[in-house]
Amino acid sequence: MSLARVHNFSISLDGYGTGEGLSREAPFGHAGERLHQWMFATRWWHELTGGSGGQGGLDDTFARRFAPGIGAEIMGAGKFGYPGWHDDPEWKGWWGPNPPFHTPAFVLTRHPRPSLAMEGGTTFHFLDASPAEALERAREAAGGQDVRIGGGPTVVRDFLAARLIDHLHVVVVPLLLGRGVRLWDGLEGVEEDYTIEAVSSPSGVTHLTFTRADVAP
C-alpha cells in the first residue's frame, strides 16, 4: 500500500505551525514567512519558482524529497485559502494558474465545491471527509504512489492522531511565535509509533524525521 508522507513541515521552537491572524494578506498570520526562510534559501526552491542560484547542502537535500513518488496530496481548507475563501467562487488557491503539486489535490473543507482543474496536472477536489476517508480517496487517485499530507498543522495533527502517517518530516526553526496553531497538542505518546532521527543544519534549523516502525526504509 502507498505511504502517507509529510515533508518540509516547519514549526517554531514552541511548536506552532502557523501564526495567529491568518488573512488573505497574511497567509501565515503574524509568523509571516519566518518559518520557511530555510526552504526559500535552497537551490530546490529557486528551481521550483523558475529562478537560479540558491544553496545546496543539507536543507536542499531534505527539501527535494517533497515530490518524488507522490501521486496525490491532501491539504486543509486553511492551506488552500484565506478564512472565508469558500464564499468567493473565483478563488483558486494561493499558487496562481500552475500550482506546484502536479497531482490530484484533496482539500478538506466543510464547504465542498466542484473539482477545479489547473495547469500542470493539479486538480483540486473538495471533500467533507474524515482523515481515513480522505486518505482512501487520495490513494485511489495516486495510482499506487504515495500520498503527501500537506498541512496545515491541524490537518497533520488529525492524521497523526488517527495513526495514518507513515513518514513525517518536521523542521524546527529557532524562533518563538507564542501564538497560533500548534502541531503537537493532544498527541502525547505518538512518538512511540516511530523511529525518530534528528539532524541539525548549518542554517540553524533541525530536521526531524519520524518513520513508522513497520515501514521499510
Side-chain angles (χ1 to χ4, degrees), residues 1-11 17-18 22 24 27-28 33 35-36 38-40 42-51 54 59-82 85-86 88-109 111-129 131-160 164-171 183:
M1 181 178 290
S2 68
L3 303 180
R5 296 160 37 189
V6 176
H7 289 278
N8 302 341
F9 192 83
S10 299
I11 64 173
T18 192
L22 277 63
R24 189 166 186 165
F28 296 97
E33 297 184 343
L35 287 173
H36 306 98
W38 71 271
M39 184 173 64
F40 298 151
T42 64
R43 189 173 300 152
W44 172 79
W45 181 262
H46 283 236
E47 294 170 359
L48 185 69
T49 54
D59 292 342
D60 187 65
T61 297
F62 272 102
R64 288 180 184 276
R65 297 177 182 177
F66 174 82
I70 295 293
E73 162 139 349
I74 298 171
M75 68 179 72
K79 179 173 179 178
F80 180 76
Y82 61 96
W85 63 262
H86 55 271
D88 179 0
E90 300 301 317
W91 180 257
K92 298 181 180 180
W94 300 107
W95 306 278
N98 188 1
F101 309 108
H102 311 302
T103 67
F106 294 85
V107 181
L108 298 180
T109 173
H111 304 275
R113 59 170 61 178
S115 296
L116 177 63
M118 306 291 285
E119 296 176 15
T122 300
T123 299
F124 292 110
H125 304 281
F126 302 89
L127 302 179
D128 184 359
E133 292 167 340
L135 184 56
E136 182 178 1
R137 284 283 304 275
R139 279 179 166 148
E140 291 173 358
Q145 296 193 86
D146 292 345
V147 175
R148 184 173 52 241
I149 312 301
T154 300
V155 166
V156 175
R157 186 172 65 239
D158 287 347
F159 275 78
L160 281 168
L164 293 175
I165 291 180
D166 301 297
H167 175 85
L168 171 67
H169 170 223
V170 173
V171 185
L183 174 62

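Scope of the values below: all heavy atoms of this structure, side chains included, with no hydrogens, waters or symmetry mates.
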Drop me the distance from [X]'s [atom1] to [Y]'s [atom2], to the nearest 0.5 angstrom.
| X | Y | atom1 | atom2 | answer |
| --- | --- | --- | --- | --- |
| Thr42 | Leu48 | OG1 | CG | 8.5 Å |
| Leu108 | Glu133 | CG | CD | 10.0 Å |
| His7 | Met39 | NE2 | CE | 13.0 Å |
| Thr122 | Asn98 | OG1 | CG | 6.5 Å |
| Ile165 | Leu3 | CD1 | CG | 11.5 Å |

Are any of the side-chain heavy atoms of [X] and [Y] separated by less than 4.5 Å?
| X | Y | answer |
| --- | --- | --- |
| Leu35 | Phe28 | no |
| Trp85 | His111 | no |
| Arg113 | Phe124 | no |
| Ile74 | Phe159 | yes |
| Thr18 | Pro153 | yes |
| Ile149 | Leu160 | no |

Please check if the side chain of [X] supplies one atom and the backbone of [Y] the other of a donor-acceptor pair under 3.5 Å.
| X | Y | value |
| --- | --- | --- |
| His169 | Asn8 | yes |
| Thr109 | Ala77 | no |
| His102 | Gly120 | yes |
| Arg148 | Phe66 | yes |

(request) I would like to know whether Trp45 and His36 meet side-chain contact (heavy atoms from CB on, under 4.5 Å); could you show each step before the answer? (result) CA-CA 11 Å; Trp45 181 262; His36 306 98; over 6 Å; no
(message) Taking atom CZ as the centre, does Arg137 end up with more than 12 heavy-atom neighbours from other residues, nucleotides or ligands that are less than 6.0 angstrom away?
(response)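 Count not over threshold, so no.
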(message) Is it the case that the ring center of His86 lies less than 6.0 angstrom away from the ring center of Phe126?
(response)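 Not close enough - the centres of the two rings lie 6.0 Å or further apart.
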(request) Carefully, step by step, assess Gln145 and Ser2 under the rule side-chain contact (heavy atoms from CB on, under 4.5 Å). (result) CA-CA 6 Å; Gln145 296 193 86; Ser2 68; 5.9 Å; no
(message) Tell me whether the rings of Trp91 and Trp94 are parallel (<30°), tilted (30 to 60°) or perpendicular (>60°).
(response)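 Trp91 and Trp94: perpendicular rings.
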(request) Quick one: sort the Phe101 and Trp95 rings into parallel, tilted or perpendicular, breaks at 30° and 60°. (result)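 The rings of Phe101 and Trp95 stand perpendicular, inter-plane angle above 60°.
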(request) Write down the atom of Pro99, the atom of Met118, and the distance for their closest heavy-atom approach. (result)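 Pro99 and Met118 have their closest heavy atoms at CD-CB, 3.6 Å.
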(request) Just do the side-chain contact (heavy atoms from CB on, under 4.5 Å) check on Thr49 and Phe40 with the steps written out, would you? (result) CA-CA 10 Å; Thr49 54; Phe40 298 151; over 6 Å; no
(request) Sort out for me which residue in Arg65, Arg139, Arg5 forms a salt bridge (Lys or Arg N to Asp or Glu O under 4.0 Å) with Asp146. (result)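 Testing Asp146 for a salt bridge (Lys or Arg N to Asp or Glu O under 4.0 Å) against Arg65, Arg139, Arg5 leaves exactly one candidate, Arg5.
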(request) Could you walk me through whether Asp88 and Tyr82 pass the side-chain contact (heavy atoms from CB on, under 4.5 Å) test, one step at a time? (result) CA-CA 10 Å; Asp88 179 0; Tyr82 61 96; 3.4 Å; yes
